[in-house]
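Take a look at the structure set out below.
Excluded from the calculations below are hydrogen atoms, water molecules and symmetry mates; all remaining heavy atoms, backbone and side chain alike, are included.
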Amino acid sequence: MSRPAKRPLGKRTLGQRLARPLPLGLAGLAALALAVLAAGWREAAGAYLAAWLVLLGLAAGALPVAVALERFGLSAHDRGEGEIALSLRRLLGLMPAAAILGLPLLAAAPLLYPWADAPPDTPLGRLWFTLPGFCLRVVAYLGLWVWLAARFRDAPSGPATAAPPRASACTRSSARWR
């Protein structure tokens, strides 16, 4: 039996790196064009908003758990949470992509939100329910989330930074009898 040839360890060319993402991106644009033609801009924007919220929910939901794990030191491998912390850090890697993919929703805000066209009646509403104010808040929230995700995604964890494992009562008592 012959063994399969190993891949060279050198850098991949641009064509090799874009071999999978480029066709997938083009397929996504084709699906978007088909959705717009079939249902119209309003329905396509609503579907995009729903899909974006699922992506954002993965990263934003992992953020407080990763912060708590890091803050309270629960990412130690001796307690079994090492895999959980690693998985949460991988989910935090989705936050920059979610932020970038959320920017087209700012252009679609008048289609999605009825308050974007009608002026509100209250003084606070005149400040809060404006399109520039909405865009500013969205960019600020996403920027803060991306910063937090980057901070806690790259946080050190693992056996090198974890506390040494403690001996259990059973281990200590069995050591006395030896």
Side-chain angles (χ1 to χ4, degrees), residues 12-75 81 84-157 161:
R12 297 184 310 170
T13 65
L14 181 63
Q16 290 171 333
R17 284 185 285 165
L18 293 178
R20 262 192 358 202
L22 187 61
L24 289 175
L26 292 175
L29 287 175
L32 177 64
L34 184 63
V36 167
L37 289 175
W41 282 106
R42 184 179 203 91
E43 287 76 15
Y48 187 87
L49 174 64
W52 178 73
L53 286 173
V54 169
L55 176 66
L56 182 67
L58 289 171
L63 186 58
V65 180
V67 169
L69 285 175
E70 186 67 32
R71 176 70 177 112
F72 298 114
L74 299 176
S75 60
E81 285 95 5
I84 294 171
L86 183 62
S87 298
L88 289 171
R89 287 201 172 98
R90 287 181 183 149
L91 282 175
L92 290 178
L94 293 174
M95 188 61 80
I100 290 170
L101 290 172
L103 295 178
L105 289 170
L106 298 178
L111 295 172
L112 294 169
Y113 306 111
W115 52 261
D117 291 331
D121 297 334
T122 63
L124 178 62
R126 287 187 203 109
L127 292 174
W128 193 258
F129 291 115
T130 62
L131 201 53
F134 173 72
C135 293
L136 186 65
R137 286 191 308 274
V138 167
V139 168
Y141 296 149
L142 289 175
L144 177 66
W145 287 343
V146 166
W147 178 77
L148 283 171
R151 185 184 183 290
F152 286 100
R153 183 186 64 225
D154 299 333
S157 72
T161 60

Q. Judged by atom type as modelled, is there a donor-acceptor pair below 3.5 Å linking the side chain of Arg153 to the main-chain atoms of Arg90?
A. no
**Q.** Ring geometry between Phe134 and Trp115 (parallel below 30°, tilted from 30 to 60°, perpendicular above 60°)
**A.** perpendicular
(Q) Can you confirm whether Tyr48 sits close enough to Leu112 that some side-chain heavy atom of one is under 4.5 Å from a side-chain heavy atom of the other? (A) no
Q) What closest approach, in Å, do Leu91 and Ala62 show between heavy atoms, and which atom pair accounts for it? A) CB-CB, 3.8 Å
Q: For residues Ala45 and Ala108, report the shortest heavy-atom separation together with the two atoms involved.
A: CB-CB, 4.0 Å
(Q) Which heavy atom of Ala66 sits nearest to which heavy atom of Leu88, and what is that distance? (A) N-CD1, 4.1 Å
Q: Over all heavy atoms of both residues, which pair between Ala116 and Pro110 is shortest? Give the atoms and the distance, please.
A: CB-CA, 3.8 Å
**Q.** OG1-CZ distance between Thr122 and Phe129, expressed to the nearest 0.5 angstrom
**A.** 7.5 Å
Q. When rounded to the nearest 0.5 angstrom, what is the spacing between CG in Leu56 and CG in Leu49?
A. 10.0 Å
Q: Report yes if some heavy atom in the side chain of Leu55 is under 4.5 Å from a heavy atom in the side chain of Leu101; otherwise report no.
A: yes
Q.
Distance check, rounded to the nearest 0.5 Å: Leu63 atom CG versus Arg151 atom CZ?
A. 11.0 Å
Q | Value rounded to 0.5 Å, distance of CG in Leu136 from OH in Tyr141 | A | 9.5 Å
Q: Measure the spacing between CG of Leu105 and CG of Leu142 and express it to the nearest 0.5 Å.
A: 9.5 Å
